[in-house]
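Notes for the one structure printed next.
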Amino acid sequence: METDFIPIDYDHFDFEDRNYIKIFGRNSKNQRICVIDTCPIYLWAIIKDSVSQEKINKLIEKIKDIELDVKGRKTKVEKIEIHEKNFLDKKVRALKIFATNYKDLHDVADRLDFPEIQCRRGYDLGFDTHYIIEKRINPLQWYKISGEVLNNSQNFGGVDSNLDVDFCIKLDSAKKIDNDLGFKPKVMAYDIETDDIKLGEGEILMVSLVTDSFKKVITWKKPKTSEKNLDFLEFVKDEADLIEKFLEYVKKFSPDFLVGYFSDGFDLPYMKMRAEKNNIRLSIGLDSSQPRFSRGFEVTAKTKGIVHVDLLKFIRTAYSQYMQSETLSLNEVAHEFLGDEKKPFKHQHSSKLTDSNWESYFEYNLHDSVLVYGLFEKMWPDILEFSRVMHEPTSEVTRNGMSKNVESFILHNLEKFNEIPEKRPTNEEIGQRRGKEKYEGAFVFEPTHGLYENVAVFDFTSSYGSTIVTYNLSKSTFIDDKKSEKDSYNIEIQGKKVSFSKKPGFFPEMLKEIIEKRKKFKEELNKKPDVIKRARSNAFKLLANASYGYQGFFGARYYSREAAAATAAFAKKSIRDSIEKIDKSGYKVIYSDTDSIAFLIENHTEEQAKKLLEKLNSELPGIMELELEGFFTRGLWVTKRSGTLGAKKKYALLGKDNKLKIRGFETVRRDWCSLARKTQNEVIRMVLQDGNERRALDFIKKVIQDLKQRKIQREEIIIKTMLQKPLAEYKAISPHVIAAQKMQEKEIPIGSGNMIEYFIAETREKKKLVRDKVKLPDEKGEYNIEYYLNKQILPAVENILQVFNINIHEMIDGKKQTKLGDF
DNA sequence: GGTGGCGTTTTACC
DNA sequence: ACAGGTAAAACGCCACC
């Protein structure tokens, strides 16, 4: 039969010792399809340069006979071809060695211990990735496919009979369809509430489910009386019934994506443990399989056919660096993306809940799923485009970090360069790489403090990415000491010359394409905006920005410390050259950090500044390009707390649209109390809008008065700090460590990653250390006026006032009150 | 017993 | 342990006068 088809999830199985792929997906009639297919299984053996053809022929004869028996599975070398390939941009002759089973390629490689072979590659990609590369049947793209429908057939050991799909096809052919047939995924958001946050140790009290067609809370906790008519409730007998009911709904609705928040680390493993306790098989998968958990650095919880997505992980890699939220809690994230929040509910043990508490609890639980559902809808275009661009299934791209995504992109695009894939580093190699000395990074210009008028800002588009492309910087283009090439890009790093070939390498070439595509999609987006274009443009932007970090990341297949160090060095040179040229053109540069330059317009016009930009661009090498970040009405730079040197990474700009851009100030730091942050924010706004300090001074005066009269609310003085490691590992006992210890005494479970909240209180005896005055937010006590004045409010504003030659301390002490009146 | 330098820690910038 | 280096700042600790 023939049908259109969009792949959603990939799995594999063995039949008669061979590997087969199972692709779960849908057609445009929204039927669920499983496609079964296979592909050639092989690895590469790269032959040393000097080996003669005759010797290669003999080698082939020897390799042909390799047969293995791995745990009862028989694998043998089935065919050998010789190919002209590239490996790390060098022409090589390589044997393509076909074998029976992908899982045994490692053992086959171990047997290829011949002196003629330089190295063996291409057996550590994972079968699903290998298949996608071989057959080019990419996730979430439309295909026209044809093949034989399997209906309880004995083919492949009857694999189709236990699949919960409309039909199962043994693939004959697949052809990509260029136009998008449209795909609206079926989505189910879920969330559980339990009596103990330790995995599996309490009972699951309720689970909420939200889809486009129903909202539900399943619970076995039925209040005796009810005040509200909560029609979303469905009561079951006990926890076991709850789990069965959950499974029943998942099966009946059969979503493409089952979505939670921190559900890899909580909801799904919890559910699995409680299912085990109740002797229930948690058979969520379309093949009735249970969720699979992997314990790496972080837990993952994957399901088959119905894809489990933990939105928290995707948000962390794809959005967090551009977000305003200070934490990635569901509450804050929902607030930022949806303008909605969690429902109020104070968690306590279920035995202490009243009937009306229970009703709030149900509403709270349901709303969490409503938020998760809303977030998934909002993020779907990005998830979709990530899968399409990286050519990896959604279950991968939503969990992987950007370095892994960069690597996926590379592996799926190597064929264009006829490249054999590099292997993953061994643990030993990773250790060596991590032990390497750090190299010098970006340049930061030391500003002179002051309030400036009419500031222009230029910045380099994808600075490091463009640098990598322009100077051809990568592992494979690096020329080490022994060899020397005349035509090379050279730069000095820590007193040593490093060189890179001018012959374009595959990594910079790939990156060039990424940057070009990003530019193209951005232009298209500006012409006619739509969510998919925006998502695609964004995916390429993130790829371009992560590629520098990738080459410097110790876990990367294409790791190159030299390339990373050279990227930083060349970029530094570029920005220094540009600063010099701007200065020489008669402008005064006041600040610069890594890839941006701020300078004063003064007696020039904005038109002239734009002309300067054009001139600079015409002189920049390769694809290096400066763009106008904006013209600003005013800009504020301050000194460091100690000394008179200008503070780096700390400034505020007021845009023509009256929008503030504040960087580095306490305003944007979450480890300062909100009173200090709000005060500073207002002061900055007033100073930038007015061009003088008068209104700001009155404002500060009022805040200090309120503070001294104890009018400040508790929440305004709370200081929040993240615990970065287990409590016991702290050498220095700072205030937040004391607060954490207090929480522990109260049996509030805390650990690495928890947010610690506290305030500084008055104490009866005079104590010197701040940590002796720490109290938890719900403890009784009055805030310490002296601390909040001298350690929060005044430090937050003193540097700003210093710009106007005002010493706030002297003013408060009443020494120089002529200007101020009574403080 | 105050002070200044340094190590530890957190958070921001790009 | 899952991209990198640069930088500010607070607090505690300890040597030193």
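Convention: sequence-line order gives letters A, B, ...; per-chain numbering from 1. What's counted below: heavy atoms across the whole structure, side chains too, no hydrogens, waters or symmetry copies.
Side-chain contact between A/Q680 and A/F665: present, with at least one pair of heavy atoms (C-beta onward) separated by less than 4.5 Å.
Checked against side-chain contact (heavy atoms from CB on, under 4.5 Å), A/M755 has the following partners two or more places apart in sequence or in another chain: A/T327, A/R670, A/K720, A/M722.
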- prompt: Does the side chain to side chain contact (heavy atoms under 4.5 Å, CB included) test come out yes or no for A/V455 and A/F599, once each step is laid out?
  reply: CA-CA 6 Å; A/V455 181; A/F599 60 95; over 6 Å; no
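A/V397 pairs with exactly one of A/K404, A/H391, A/M390 by the side-chain contact (heavy atoms from CB on, under 4.5 Å) rule, that one being A/M390. Looking at A/K648, A/R663, A/K649 one by one, the single match for salt bridge (Lys or Arg N to Asp or Glu O under 4.0 Å) with A/D593 turns out to be A/K649.
Between chain A and DNA chain B, the heavy-atom contact criterion of under 4.0 Å yields a 5' to 3' nucleotide range of B/dT8 to B/dC14.
The distance between atom CG of A/L312 and atom P of C/dC2, rounded to the nearest whole Å, is 15 Å. One atom, NZ of A/K436, and another, C1' of C/dA3, lie 16 Å apart when rounded to the nearest Å.
Within 4.0 Å of A/G664, counting heavy atoms only, lie sugar-phosphate atoms of the nucleic acid but no base atom. Among the protein residues, A/Y591 comes within range of no part of the nucleic acid, since none of its heavy atoms lies under 4.0 Å from any strand. Contacts of A/K725 with the nucleic acid, taken as non-hydrogen atoms under 4.0 Å apart, involve only primed sugar atoms and P, OP1 or OP2.
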- request: Scan nucleotides 5-15 of chain C nucleotide by nucleotide, 5' to 3', and note B when protein non-hydrogen atoms come under 4.0 Å of the base, S if they reach only the sugar-phosphate, - if neither.
  value: BBSSSSSSS--
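Side chain of A/Y591 to main chain of A/V444: no donor-acceptor pair is present (N/O by atom type, distance under 3.5 Å, no hydrogens or angles).
Other residues, nucleotides and ligands place more than 12 heavy atoms under 6.0 Å from the NZ atom of A/K423.
Close placement of the A/Y558 and A/F506 rings is indicated, their centers lying within 6.0 Å of each other.
Rounded to a whole angstrom, the distance from the C1' atom of B/dT9 to that of C/dA3 is 22 Å.
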